[in-house]
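Have a look at the structure below, then the notes.
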Number of protein chains: 2
Amino acid sequence: MAHGVAELISDRIDTMPAGERRAAQALVANYPVIGLKTVAEFSQAAGVSSPTILRFVARLGFQNYPEFQAALQDELAAQLQSPASRAGQPQPSRQGRTPATVEATLENIRETFRHVSAKQIADIVALLAQPKADVFLVGGRFTDPVARYMAAHLTIIRPRVQHLVGQESNWRDRLIDMGKRDVVMIFDIRRYQESLLRFAEKAHQRGVHIILFTDQWLSPIARFARHVVAGRTAVPSPWDSSAALFVVAEMLIGELTRRLESESARRIREMENLR
Amino acid sequence: MAHGVAELISDRIDTMPAGERRAAQALVANYPVIGLKTVAEFSQAAGVSSPTILRFVARLGFQNYPEFQAALQDELAAQLQSPASRAGQPQPSRQGRTPATVEATLENIRETFRHVSAKQIADIVALLAQPKADVFLVGGRFTDPVARYMAAHLTIIRPRVQHLVGQESNWRDRLIDMGKRDVVMIFDIRRYQESLLRFAEKAHQRGVHIILFTDQWLSPIARFARHVVAGRTAVPSPWDSSAALFVVAEMLIGELTRRLESESARRIREMENLR
DNA sequence: CAAGCGCTGTATCTTACGATACGTTTTTTA
DNA sequence: TAAAAAACGTATCGTAAGATACAGCGCTTG
């Protein structure tokens with residue numbers, strides 16, 4: 001039983017009363033910096049009183065607060081001196097602690113962006129920046145939340161954003177509103193959904209710009225798409241990972257916000273006023 | 001002229017008298033841990049007297065010793081969050097190709113998992129693995145899609161999963177179904193939503209296990225939560241990033257699936273038959 | 001070599017930080 | 001449901017830690 005403070009906490013957090021557990025969680029969330037501050041600051045960050053902090057460190061086995069801080073400092077000193085934490089080398093220690101799926105996800109994100117060119121990003125952002133274009137978003141069974149996430153942000157920085165929800169028939173009815181200068185963003189990873197393919201084909205026939213977010217094996221919708229972003233989805237798990245597409249979505253939101261800076265800033269200000 | 005303390009020192013060390021220079025060297029030698037200790041300890045380690053230490057920090061431009069320590073702590077907090085900036089040098093390799101927000105997101109994910117213990121994951125998975133427990137998910141303005149994503153998967157591998165949608169009043173009506181052995185998963189990052197807090201408080205009063213997914217500054221809901229997962233959300237963008245929480249969600253889904261392997265496999269097979 | 005200036009340490013003071021006693025509220029158990 | 005136990009926060013206290021005044025010493029310079 002090593003005496004790393006963090007390990008002490010995860011060992012004993014179950015036996016702690018509510019207030020002390022809050023202290024523990026606050027410390028873990030910003031480990032270890034909060035513990036180096038004064039009791040008053042620590043207690044405020046954790047939302048409890050000073051005595052609760054002191055009872056917390058006492059429960060961890062320390063005689064007093066300075067002793068607790070000394071332990072954190074020693075730990076920190078050891079950590080900063082070990083060359084392992086330098087460079088970008090993968091930490092040997094905590095491999096196995098982090099599930100393999102997370103490691104794979106990180107690599108998926110990196111690999112995804114290796115295959116997305118700056119020009120492609122610029123082109124997509126340019127499409128989305130057109131103020132007169134209507135923008136529609138739709139996704140599949142597991143990817144629709146990503147579409148929803150993107151829609152939630154887009155709605156704020158520009159007008160005419162619609163997330164298509166519910167049944168396929170609902171989407172189809174919206175086709176009537178789509179024209180040549182409009183944009184549809186479709187999220188579709190395997191197993192690819194027939195309904196999305198049918199919808200994409202009809203949208204394509206109306207001349208809409210289709211931006212497809214799919215996996216590396218490319219949904220058949222790629223056939224109709226103006227832009228295709230292929231995210232890596234494979235992880236050692238029964239499920240595919242949509243994390244790479246999620247990060248792509250966030251990145252596009254950020255880039256578009258920058259591009260529309262002046263206009264969206266004004267728009268956001270107006271929104272605040274309406275509250 | 002950034003005010004990194006280390007840079008300040010190397011800038012001004014030449015203009016310092018002998019005693020203060022010894023202080024500077026001692027600090028640089030075990031940077032920054034010595035500076036976090038008391039003036040007395042610092043002075044002893046440097047082999048000078050206390051007032052010399054105080055004159056030293058005054059020369060660096062700090063009004064008093066606590067202010068100096070606060071600067072070190074802030075620096076440390078920033079450093080621990082993005083080891084990329086370790087040596088102080090900017091990233092050499094892939095600048096320009098990958099947007100900075102993506103790099104930050106990758107680091108956020110890594111850092112998030114650095115603060116999540118294996119035990120905590122196991123505990124949460126154990127809660128979610130109870131077949132008789134009802135599981136509810138709810139999120140805020142931008143995080144609700146993450147809750148939805150998780151719900152979409154959970155629904156498949158276990159029964160009694162419900163995503164709470166729509167108005168706050170809708171959620172409240174579901175409180176009636178929640179009991180001591182049930183679980184509520186809440187996603188809440190700043191700006192924290194009052195409505196979620198109110199809901200969490202009432203759920204807590206009913207004895208429900210609350211699992212909170214928040215940012216590193218901890219939503220006030222942490223007060224009521226049995227488990228708190230603090231994801232890093234800061235990116236160089238006007239928006240916060242929920243990607244780390246998204247990856248946490250995927251990881252939990254994967255772990256739970258493994259845990260429920262036999263049962264969920266049977267369940268999935270039955271589902272296939274129903275198509 | 002002597003005089004002046006500046007740096008440093010000792011001693012003292014003051015503040016604010018950690019510790020604790022106690023009353024109130026909450027939770028648990030009979 | 002009531003009684004007992006535990007936990008939490010408020011208010012207060014003692015002390016340790018940072019700040020300062022001042023004297024001694026060394027170093028530089030004329």
Quick check on the 6.0 Å ring-centre criterion: do A:F142 and B:Y149 meet it?
no
Quick one: [X] [atom1] to [N] [atom2], roughly how many Å, whole number?
X	N	atom1	atom2	answer
B:N64	C:dT14	CG	P	18 Å
B:F68	D:dG18	CZ	C1'	13 Å
B:F56	C:dC7	CZ	C1'	16 Å
A:F62	C:dA19	CZ	C1'	17 Å
A:Q69	C:dG18	CD	C1'	10 Å
A:Y65	D:dT15	OH	C1'	17 Å
B:I53	D:dT20	CD1	C1'	16 Å
B:K37	D:dG18	NZ	P	13 Å

Is any side-chain heavy atom of B:M150 less than 4.5 Å from a side-chain heavy atom of B:I253?
yes
Restricting to nitrogen or oxygen on both sides, can you table the protein-nucleotides 6-8 of chain D pairs closer than 3.5 Å?
| unit_1 | atom_1 | unit_2 | atom_2 | d |
| --- | --- | --- | --- | --- |
| D:dC8 | OP1 | A:A18 | N | 3.2 |
| D:dC8 | OP1 | A:G19 | N | 2.7 |

Would you call the rings of A:F62 and A:F68 parallel, tilted or perpendicular, where under 30° means parallel and over 60° means perpendicular?
perpendicular
Checking B:H115 against A:N30: is there a side-chain donor and acceptor pair closer than 3.5 Å?
no
Measure from the side-chain N and O atoms of B:T214 to the backbone N and O of B:D188, and report whether any donor-acceptor pair falls under 3.5 Å.
yes
Keeping to residues at least two apart or across chains, list the ring-ring contact (aromatic ring centres under 6.0 Å, His included) pairs with something in residues 19-45 of chain B.
none
Between A:V57 and B:P51, which has a closest nucleotide on DNA chain C that is more 5'?
B:P51
